[in-house]
Chemist: 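Here it is: the structure, laid out below.
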Amino acid sequence: MPLRVVVLISGTGTLLQALLDAQAEGRLDAQVVAVGSDRPDIAGLQRAAAAGVPTFVHPLAKGADRAVWDSELADLVGEYRPELVVSAGFMKLFGAAFLDRFGDCTINTHPALLPAFPGMHAVADALAHGVETTGATVFRVDAGIDSGEILAAEPVPVLPGDDVETLHERIKLVERRLLVDTVNQLSRGRS
Ligand code: GAR
């Protein structure tokens with residue numbers, strides 16, 4: 001049986017698309033069984049629907065109890081019995097309830113060479129610091145901010161004239177490949 005993967009997204013979902021493309025082309029030792037988002041009306045949900053993958057949306061309302069939201073998210077994800085959860089541009093931190101259930105099998109991808117430039121603005125931070133090299137990292141999620149065990153990482157050069165958009169796009173080319181490779185490695189490692 002292929003590894004059951006739930007992917008969580010918050011935006012355009014190009015990382016998700018890399019997994020879906022790999023799956024469609026027989027390059028993924030896993031099956032994306034559901035895609036969840038904290039935001040409705042994002043392109044990533046349309047990508048999932050176009051691939052025939054079930055979706056769910058679980059927004060965090062202003063002033064809502066964060067722990068309740070987190071626990072409900074864990075329940076929604078749990079309905080699909082994932083063996084792996086992939087945070088692919090999901091812009092929310094996981095809480096205790098989620099990590100209790102899925103902390104052992106949740107990975108994330110980040111547009112910098114961790115532990116450098118954790119957080120929401122990794123590409124802008126790397127540019128602001130004037131580094132010549134940044135990169136992409138796939139890592140296990142833990143209770144910290146982008147602090148879990150690193151599973152894969154690859155440098156990406158900062159080129160003269162780069163802005164956040166051009167640099168992020170070049171990083172994402174690497175992220176997509178690293179993510180597919182990491183899912184395959186984890187899938188092969190379980191048997
Ligand atoms: C990716 O670069 C991912 O690493 C980043 O959001 C982008 C999602 O792109 N995630 C974070 O910065 C999380 N802190 P996508 O929506 O095109 O897949």
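Counting starts at 1 for both ligands and their atoms, following the listed order. Note that the coordinates shown come from a computational prediction; the quantities given were computed from them, not determined experimentally.
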Chemist: What I want to check is whether the side chains of Thr166 and Asp163 have a donor and an acceptor closer together than 3.5 Å.
Modeler: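 Looking only at side-chain atoms, Asp163 and Thr166 do form a donor-acceptor pair, the distance falling under 3.5 Å.
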Chemist: Hey, which atoms in ligand 1 end up nearer than 4.0 Å to a heavy atom of Gly119?
Modeler: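 Atoms satisfying the 4.0 Å criterion: 14 (N).
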Chemist: Do side-chain atoms of Arg140 reach the backbone of Gly148 as a donor and acceptor pair under 3.5 angstrom?
Modeler: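 Flag not set: sc Arg140 to bb Gly148 has no pair under 3.5 Å.
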Chemist: Please state which protein non-hydrogen atom is closest to atom 16 (O) of ligand 1 and give its distance, to 0.1 Å?
Modeler: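 Going by distance alone, atom 16 (O) of ligand 1 is nearest to Gly13 N, 2.8 Å.
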Chemist: Answer whether the closest heavy-atom distance between the side chains of Leu99 and Asp142 falls below 4.5 Å.
Modeler: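 Contact flag for Leu99/Asp142 side chains = no.
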Chemist: Leu84: which residues meet the side chain to side chain contact (heavy atoms under 4.5 Å, CB included) condition with it, sequence neighbours left out?
Modeler: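 Leu84 satisfies side chain to side chain contact (heavy atoms under 4.5 Å, CB included) with Leu3, Val5, Val86, Ile107, Val183, Leu186 only.
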Chemist: Which ligand 1 atoms are under 4.0 Å away from a heavy-atom of His110?
Modeler: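 The atoms of ligand 1 under 4.0 Å from a heavy atom of His110 are 4 (O), 14 (N).
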Chemist: Between Ala88 and ligand 1, does any nitrogen or oxygen pair lie at a separation below 3.5 Å?
Modeler: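 Ala88 vs ligand 1: no N/O contact under 3.5 Å.
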Chemist: For residues Trp69 and Lys92, determine if any side-chain heavy atom of one lies less than 4.5 Å from a side-chain heavy atom of the other.
Modeler: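 Touching, per the 4.5 Å side-chain cut-off.
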Chemist: Between side-chain atoms of residues 112-131 and protein atoms elsewhere (two or more places apart, or another chain), which donor-acceptor pairs fall under 3.5 Å?
Modeler:
unit_1, atom_1, unit_2, atom_2, d
His129, ND1, Asp125, O, 2.9

Chemist: Of the protein's non-hydrogen atoms, which lies at the shortest distance from atom 8 (C) of ligand 1, and what is that distance?
Modeler: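 For atom 8 (C) of ligand 1, the nearest protein heavy atom comes out as Gly89 CA, 3.7 Å.
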Chemist: Going by the atom numbers of ligand 1, which of them fall below 4.0 Å from some non-hydrogen atom of Thr109?
Modeler: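 Answer, ordered by atom number: 3 (C), 4 (O), 10 (N).
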Chemist: Any donor-acceptor pair under 3.5 Å linking the side chain of Arg47 with the backbone of Thr12?
Modeler: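 Side chain of Arg47 to backbone of Thr12: a pair is present.
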Chemist: Taking N or O atoms only and a 3.5 Å limit, does Asp146 qualify as a polar contact for ligand 1?
Modeler: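 N/O-N/O distance under 3.5 Å: no.
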Chemist: Check whether any side-chain heavy atom of Leu8 sits under 4.5 Å from a side-chain heavy atom of His58, and report yes or no.
Modeler: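 Leu8 does not reach His58 side chain to side chain.
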Chemist: Heavy atom of Pro118 under 4.0 Å from ligand 1?
Modeler: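 Judged by the 4.0 Å heavy-atom criterion, Pro118 does not count as contacting ligand 1.
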Chemist: Is there a donor-acceptor pair closer than 3.5 Å between any side-chain N or O of Arg66 and the backbone N or O of Leu60?
Modeler: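 Side chain of Arg66 to backbone of Leu60, a donor-acceptor pair under 3.5 Å: no, none is there.
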Chemist: Students should be able to answer this: which protein heavy-atom is nearest to atom 18 (O) of ligand 1, and at what distance?
Modeler: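 In this structure, atom 18 (O) of ligand 1 has Leu15 N, 2.9 Å as its nearest protein heavy atom.
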Chemist: Is there a heavy atom of Ala122 sitting under 4.0 angstrom from any atom of ligand 1?
Modeler: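 Contact absent.
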Chemist: Counting heavy atoms only, which of Lys172, Met91, Gln17, Met120 comes nearest to atom 9 (O) of ligand 1?
Modeler: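 Looking at heavy atoms only, the winner is Lys172.
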Chemist: Evaluate Glu175 for polar contact with ligand 1, using N/O atom pairs at a separation under 3.5 Å.
Modeler: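 Right, the criterion is met.
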Chemist: Only heavy atoms of His168, strictly under 4.0 Å: list the atoms of ligand 1 that pass.
Modeler: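 Heavy-atom distances to His168 below 4.0 Å select 1 (C), 2 (O), 7 (C).
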